[in-house]
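See structure below.
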Amino acid sequence: MYLKANLEKRMVRRDTQSRQALYMAEGGIEWAKAHLLSDFGLRRGEVVFDMGRAAISIESSGGDYKVISEGRSGLAVRKIEEILQEKTGKWIVKSYQELHQ
């Protein structure tokens, strides 16, 4: 009984950390959107949250920005890529995908 309960507890913790890592990655994308509006030359950044962190990299190409944000929470890592285009102070998301390693 103890082994089963312990296994279930670890599975729940891993699932929770995985979701938190995804939220960290999404938070990194939002951080990049906010900062790019004032600094179009921005290429890297990092955001630290209570439950983890996000490392952000940005590439510029022909007016579009490819933003990759890697969220980490505990042992979980999730990575998101968005292709963004700025139009009159607002971001248009041209593509969104989760990158799997």
Q. Is there side-chain contact between E70 and V77, with heavy atoms separated by less than 4.5 Å?
A. yes
Q: Supply the atom-to-atom distance R13 CZ to L75 CG, rounded to the nearest 0.5 angstrom.
A: 9.0 Å
Q: Taking the side chain as every heavy atom from C-beta outward, state whether E86 and F40 have any pair of such atoms under 4.5 Å apart.
A: yes
Q. Who are the side-chain hydrogen bond (donor to acceptor under 3.5 Å, both in side chains) partners of W31, not counting sequence neighbours?
A. H35
Q) Hey, does Y65 have a side-chain heavy atom less than 4.5 Å from the side chain of W91? A) yes
Q. Should R43 and E59 count as an ion pair when the cut-off is N to O under 4.0 Å?
A. no
Q | Nonpolar side-chain network containing I68, other nodes, edges under 4.5 Å | A | L99
Q | Counterpart residues, salt bridge (charged side-chain N to carboxylate O under 4.0 Å, His left out), relative to R14 (two or more places apart) | A | none
Q. Any side-chain heavy atom of R44 within less than 4.5 Å of one from I58?
A. no
Q. By side-chain hydrogen bond (donor to acceptor under 3.5 Å, both in side chains), which residues pair with R19, not counting sequence neighbours?
A. D15
Q: Answer yes when R10 and E8 have at least one side-chain N-carboxylate O distance shorter than 4.0 Å, and no when they do not.
A: no
Q | Value rounded to 0.5 Å, distance of CD1 in I56 from CG in L42 | A | 8.5 Å
Q) Crowded around L7 CG? As in, over 12 foreign heavy atoms under 6.0 Å? A) yes
Q. Which heavy-atom pair separates R72 from M24 by the least distance, and what is that distance?
A. O-CG, 3.9 Å
Q | S69 (side chain) donor-acceptor with A25 (main chain) under 3.5 angstrom | A | yes
Q) Could you give the distance from CD1 (I80) to OH (Y96), rounded to the nearest 0.5 Å? A) 3.5 Å
Q: Supply the members, apart from I92, of the Ile/Leu/Val/Met/Phe/Trp/Tyr cluster built from side-chain contacts under 4.5 Å; use none for a lone residue.
A: none
(Q) Under 4.0 Å between a side-chain nitrogen and a carboxylate oxygen: does that hold for E98 and R78? (A) yes
Q) With K94, which residues qualify under side chain to side chain contact (heavy atoms under 4.5 Å, CB included), at least two apart? A) D64, I83, Q85
